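A short worksheet on the structure shown next.
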Amino acid sequence: MKMQDSHLAIASVPFQRWGELYALDEVLNTGTVFKDLDLPFFAAADMQASRRVTGEIMKSSREQECSRKMTEIQKVSFVMDDLRLYLDTHPDDPDALAMLKRVVCKRKQMLSEFAAEFYPLTFECMADIYEKDASSMCYCWQEGPAPWEGVCC
Amino acid sequence: MWIYEKRLQYPVKITKTCPKTAQLIISQYGGPDGELSASMRYLSQRYTMPLKTVGGLLTDIGTEELAHMEIICAMVYQLTKNMDIEDARTAGFDAYYIDHTAGIWPQAASSMPFTAKEFQSKGDAVTDLTEDLAAEQKARTVYDNLLRMIEDPEVREPLKFLRAREIVHFQRFGEALEKTKEKLNGNNFYYFNPEFDKNMVWE
């Protein structure tokens, strides 16, 4: 996209080009998968290591496993969220599309596994439970802690 | 149609009760530059956008803002769920307590209630997208201000995440404006309103 300097009296933002990405384990800390869009505030530079360590000790191994899997779902889902917005304005970008294909398939599988092992995160996941066990009498949509309780995270 | 997913976009786990902090960050729930205002702005503007893909982007960002609203509400909830009457009194949370106890209600840090007066849906693509660019910057400034004032790392981490999203959304709205400009009269972007003057040149 070339800059048209002849246009006065209107805002211009250069189109982002596909560039370096953050690894999956970093994306929640940076708030974007795109290194070019990571523009932190000076007063926000501090340690993140101490976070969420205190509560972990109190948890059972099953709760810890639930939290671990939830965090993985949050990371992959967030990459999907960020890619979706990029593709909304760059629908023909082959790199973004290739990555999206990997991410949505992986996410679907993770959601299905989480539903089987813990509780469904989407109503769609109920199908995974009934497909595995047609005689299931479980209406498990309301199982699991509310997201705002900070229990499984 | 919307579908709920039973998780937060970013994890919130706050162990220390602090009504004072809740009173500050509640601004990003119901305040002038808050997430609810952002979501309603984009979800209102999308219907009349001349470019279908821009309407789609507004849907996707408006939806993400709902997830951000949920993050903010989860933070306010966790900061106040175990407060006692002394906490409420000494933290300056007493007025809120009288009106809402520990319920979650959309208001600004200044206690002004959530209102649609804080945003526009003007029916002009250039105008609305320019407002959206400004809205993301205003929200970023609020997060900057909160990050200067709040020390608890369990509160700071989600705020940093939300701040980063404002910058990404700004970039996307900028790109949406560029796409809209491409379809307008390049000699004069203000020659007609693509949302109203539908019989004018619009490819």
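Chain letters run A, B, ... following the sequence lines, proteins first, then strands; residues in each count from 1. Keep in mind that the numbers below use all heavy atoms, side chains included, and drop hydrogens, waters and symmetry copies. The shown structure was predicted, so the numbers you read here are calculated from the model rather than taken from an experiment.
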Which atoms of [X] come close to chain A, meaning under 4.5 Å heavy atom to heavy atom: side chain ones, backbone ones, both, or neither?
X        : answer
B/Phe173 : neither
B/Gln78  : side chain
B/Leu177 : side chain
B/Arg140 : neither
B/Tyr77  : side chain

Look only at the side chain of B/Glu178 and the backbone of A/Phe15, and say whether a donor-acceptor pair between them is shorter than 3.5 Å.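 No; zero donor-acceptor contacts below 3.5 Å.
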Say whether, by atom type as modelled, one donor and one acceptor occur between the side chain of B/Lys160 and the main chain of A/Ala44 under 3.5 angstrom.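 Yes.
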Is it the case that atom [atom1] in [X] sees more than 12 heavy atoms from other parts of the structure closer than 6.0 Å?
X        : atom1 : answer
A/Glu124 : CD    : no
B/Tyr97  : OH    : no
A/Lys35  : NZ    : yes
B/Met149 : CE    : no

[X] versus [Y], closest heavy-atom pair with distance:
X        : Y        : result
B/Arg148 : A/Ala43  : CG-CB, 4.2 Å
B/Ala164 : A/Gly31  : CB-CA, 3.7 Å
B/Tyr4   : A/Pro147 : OH-CG, 3.4 Å

If we only count heavy atoms from C-beta on, is the [X] to [Y] side-chain gap below 4.5 Å?
X        : Y        : answer
B/Tyr190 : A/Ile10  : yes
B/Gln171 : A/Val13  : yes
B/Val12  : A/Trp148 : no
A/Asp82  : B/Arg165 : yes
B/Glu157 : A/Leu28  : no
A/His90  : B/Arg172 : yes

Taking every heavy-atom pair that is under 4.5 Å apart, which of [options] has the most such pairs with chain A?
options                               : answer
B/Val168, B/Val54, B/Leu133           : B/Val168
B/His169, B/Met75, B/Lys81, B/Arg156  : B/Arg156
B/Asn187, B/Asp144, B/Ile71, B/Leu159 : B/Asp144

What option among A/Cys125, A/Ala9, A/Gly144 has the most heavy-atom pairs under 4.5 Å with chain B?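 Among the listed options, the one with the most contacts to chain B is A/Ala9.
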For chain B, which candidate among A/Asp81, A/Leu85, A/Ile73 shows the most heavy-atom pairs at distances under 4.5 Å?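 The answer is A/Leu85.
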Report which part of [X] has an atom under 4.5 Å of a heavy atom belonging to chain B: side chain, backbone, both, or neither.
X       : answer
A/Asp38 : neither
A/Pro91 : side chain
A/Phe42 : side chain
A/Phe78 : side chain
A/Leu87 : neither

Residue list, side chain to side chain contact (heavy atoms under 4.5 Å, CB included) with B/Asp124, at least two apart or on another chain: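 Residues passing side chain to side chain contact (heavy atoms under 4.5 Å, CB included) with B/Asp124: B/Val126, B/Thr127, B/Asn193.
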Would you verify whether the NZ or CZ of B/Arg7 falls within 45 degrees of the ring axis of A/Phe118 while also being under 6.0 Å from that six-membered ring's centre?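 No cation-pi geometry.
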Residues in residues 55-70 of chain B that sit under 4.5 Å from chain A, counting heavy atoms only: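 Within residues 55-70 of chain B, the residues that come under 4.5 Å of chain A (heavy atoms only) are B/Gly56, B/Leu57, B/Asp60, B/Ile61, B/Glu64, B/Glu70.
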Taking salt bridge (Lys or Arg N to Asp or Glu O under 4.0 Å) as the cut-off, I'd like each qualifying pair that reaches into residues 125-138 of chain A, sequence neighbours left out, listed once.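 Listed once each, the pairs would be none.
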Under 4.0 Å between a Lys/Arg side-chain N and an Asp/Glu carboxylate O for B/Glu5 and A/Arg107?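 Judged by the 4.0 Å cut-off on N to carboxylate O distance, B/Glu5 and A/Arg107 do form a salt bridge.
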How long is the gap from NE2 on A/His7 to CZ on B/Phe189, to the nearest 0.5 Å?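 The distance works out to 4.0 Å.
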Among all residues two or more places apart in sequence or in another chain, which pass the salt bridge (Lys or Arg N to Asp or Glu O under 4.0 Å) test with A/Glu63?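 Applying salt bridge (Lys or Arg N to Asp or Glu O under 4.0 Å) to A/Glu63 gives none.
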Any donor-acceptor N or O pair under 3.5 Å, side chains A/Ser12, B/Lys181: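 There is such a pair between these side chains.
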